[in-house]
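Data block below; observations after.
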Amino acid sequence: MAARLDSFGLAELAAKPEDAFRLAGLAMAEGIRVAGYRGDYYRYRMGDAEAVIRTMNDPETGQEELLGMDTHAASACIWDCQVVKVVTPEDADPMSCRVLVRCGEGDARAVVDLVCPEVLPAIEAGDRLRLGMAAFPLRVSYDQGESSGVVEAQQDTVLLQGVVKDAKVGETFLGMEPLTKFLSVTVSTQMGDVELCHPMELVAEAQKDNVRPGAVVSAYCVLSGDAAVGAYAGGLLFGEGADLRALARFFQRGGVERLRPLLRKDCAAVFLENRQEGLENAMALLELVRRDLGEAGFTHCAPGTVTTPGSRGRRLLLLGDGKGNFAFLCRVEVDSLGRVRELSITNDPSCEFELAEWEE
C-alpha cells in the first residue's frame with residue numbers, strides 16, 4: 001500500500017526520502033488530525049488531492065512514529081459495502097488495512113486499500129462499511145459503446161469497467177501555490193460510483209475526445225476507500241456499542257494498547273473477584289484475562305442484549321467457545337462521552353440475555 005502521488009502529477013513531492021519527510025512534516029503541522037484507536041492520521045488537503053499521514057506512538061519511548069502516507073481525492077463517491085475478507089499484507093503497519101468487499105447482491109468483488117481504517121472499532125468479514133471511494137488507474141482506456149460492468153478483484157488491484165458520469169480537470173495546490181492539473185472522472189460501476197484520478201498523459205491521443213460523459217472507461221487500478229467519512233469524519237466514536245465492539249476485537253486478536261483511547265484514566269476493570277483501578281492496572285488485567293481465555297478455548301465473541309428486568313436493553317459482550325456455549329459476560333459503564341468508566345467480566349448466572357447484532 002503506497003501513496004499514489006503520481007496520479008495527481010505530484011510524484012516530485014516525494015521523489016527523495018527527504019522530500020517525503022518534508023511533506024509528512026507539513027501535513028502533521030498544518031493538516032487535520034484524525035484520531036484512531038492505535039494512532040493518529042493527519043489529513044492534508046492539496047486542492048482536489050490530499051495526503052494522509054499514518055502515525056503511531058512508540059510503546060517504548062512514547063514518541064509519535066511516522067509509519068507512512070496514503071493519498072486520496074476530493075470525492076463525493078460513497079460505497080455502502082460488505083467485507084468479504086480482510087486481506088491486509090503481513091508486512092503492513094498497524095494503521096493500514098486492505099479488504100475484499102462486495103456491494104449489493106451481485107458477484108462483483110473489489111480489493112480496496114483503506115484510508116484511516118483505525119477510526120473504526122473493528123473490521124472483520126461480514127462487517128458493513130461506508131467508504132469514500134477513489135481509484136488510481138495504472139492503465140486506462142476510454143471508448144464508445146456499451147459497458148459490460150466488469151469489476152474483477154486481483155491480488156491488490158482491480159479491473160473495472162463503467163460509464164463516465166462526469167469528467168473535469170482537478171487541480172492541486174501547496175498553500176496558495178498552484179502545482180498540477182489532472183483528470184478527475186466520475187465513473188458509474190456495478191458496485192457504485194468511483195472517482196478516477198490520473199494524468200491526462202495516461203490517455204492515448206486517439207481516445208482523448210472520448211473523455212466525456214457517456215463514454216465507456218476500462219481501468220486497471222488501485223482502489224482507495226476512506227473510512228473517515230460521515231459520522232467518523234472526525235475520528236473515533238465512543239459509546240457502549242462501539243466500546244464493546246473494540247473489546248471483542250481485542251479478545252479475539254490481542255493488542256491491548258488499542259483500548260487505551262476508550263478507557264478513562266480512572267477506569268476500573270473487574271474479572272470475577274479481581275478488581276483493578278487505574279488505566280494501566282485495568283489494561284494489565286484485561287491482557288491477563290485475554291491470555292487465560294485463549295488458553296481455555298474461549299476465543300469467540302458475540303454481541304448480546306440483557307433481558308433481565310431492571311437492566312433490559314443493555315448491551316453486553318458474550319465470551320464463549322463458538323459452539324453456543326458462553327462462559328463469561330462483559331459489560332461496560334460509560335461516561336457522557338461514551339468512554340469506559342468501569343468494565344466487568346463475570347459469569348453471573350442471574351443475568352438473562354439474548355443474542356443481538358453489531359451496530360453498523
Side-chain angles (χ1 to χ4, degrees), residues 1-5 13-14 17 20-46 49-73 83 85-101 111-125 127 129-134 136 156 222-238 242-243 245-250 252-263 283:
M1 290 178 279
R4 300 295 310 185
L5 288 167
L13 290 183
F21 278 110
R22 188 177 300 113
L23 177 58
L26 181 63
M28 294 171 69
E30 300 185 10
I32 298 173
R33 175 178 173 267
V34 180
Y37 283 93
R38 193 64 184 87
D40 294 327
Y41 303 96
Y42 292 88
R43 190 188 297 276
Y44 184 62
R45 287 295 297 269
M46 298 179 289
E50 64 180 21
V52 182
I53 309 303
R54 305 189 304 272
T55 69
M56 187 178 72
N57 283 344
D58 186 317
E60 295 184 0
T61 66
Q63 297 296 312
E64 192 169 39
E65 179 183 3
L66 174 63
L67 299 181
M69 176 169 56
D70 299 310
T71 49
H72 206 65
V83 178
K85 187 178 181 181
V86 178
V87 291
T88 309
E90 291 185 1
D91 59 351
D93 63 70
M95 299 295 288
S96 300
C97 184
R98 178 180 292 157
V99 290
L100 178 68
V101 302
V111 174
V112 181
D113 287 340
L114 298 185
V115 176
C116 303
E118 278 291 300
V119 303
L120 303 177
I123 300 175
E124 306 287 352
D127 287 350
L129 298 182
R130 184 172 175 81
L131 303 173
M133 294 300 301
F136 306 125
D156 55 4
V222 175
L223 286 183
S224 175
D226 188 358
V229 297
Y232 290 96
L236 298 176
L237 290 178
F238 300 119
D243 296 346
R245 187 70 206 278
L247 282 163
R249 183 188 186 278
F250 160 70
Q252 292 176 316
R253 298 170 57 185
V256 71
E257 282 293 322
R258 197 172 184 270
L259 301 180
R260 189 177 291 274
L262 64 88
L263 300 174
M283 290 173 59

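Since this is a predicted model, take the numbers as computed values, not measurements.
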In Å, rounded to the nearest 0.5 Å, how long is the span from CD of E50 to CZ of R43?
4.5 Å
Heavy atoms only: give me the nearest A73-A134 pair and the separation to one decimal.
CB-CB, 4.1 Å
Contact between S224 and D70 at the side-chain level, heavy atoms closer than 4.5 Å - yes or no?
no
Rounded at 0.5 Å granularity, tell me how far CE in M133 sits from CG in D226.
10.0 Å
Taking atom CD1 of I123 as the centre, report whether more than 12 heavy atoms of other residues, nucleotides or ligands fall under 6.0 Å from it.
yes
Min side-chain heavy-atom separation E257-M56 under 4.5 Å
no
Under a 4.0 Å N-O cut-off, is there an ion pair linking R258 with E118?
yes
Side chains of M69 and L13, heavy atoms from C-beta outward: is any pair under 4.5 Å?
no
Rounded distance (nearest 0.5 Å) linking atom NE2 of H72 with atom CZ of R45
10.0 Å
Taking all non-hydrogen atoms of both residues, which atom of C97 and which atom of V86 are closest, and how far apart?
SG-CG1, 4.2 Å
What is the distance from atom CG of L263 to atom CZ of F238, rounded to the nearest 0.5 Å?
9.0 Å
Spatial distance of atom OH (Y44) from atom CD1 (I53) [nearest 0.5 Å]:
10.5 Å
Scan D113, D156, T88 and name whichever one has a side chain to side chain donor-acceptor pair (under 3.5 Å) with R98.
D113
Contact check, side chains of L129 and L120, non-hydrogen atoms, under 4.5 Å
yes
Output the distance between atom OH (Y41) and atom CZ (R54), rounded to the nearest 0.5 Å.
8.0 Å
Heavy-atom closest pair, residues V119 and Y37:
O-CE1, 3.8 Å
Hey, are the side chains of V34 and Y232 touching, using non-hydrogen atoms and a 4.5 Å cut-off?
no
What one should report as the nearest heavy-atom pair of L67 and P94 is CD1-CD, 4.4 Å
Heavy-atom distance under 4.5 Å between the side chains of E64 and D40, does that happen here?
yes
Would you indicate whether the side-chain heavy atoms of D127 and R245 approach each other to under 4.5 Å?
yes
Smallest heavy-atom separation, V52 atom then C116 atom, equals CG1-SG, 3.9 Å
Considering all heavy atoms, the nearest P117-A227 contact:
CA-CB, 4.2 Å
Determine, stepwise, if the pair L23 / M46 fulfils side chain to side chain contact (heavy atoms under 4.5 Å, CB included).
CA-CA 11 Å; L23 177 58; M46 298 179 289; 4.3 Å; yes
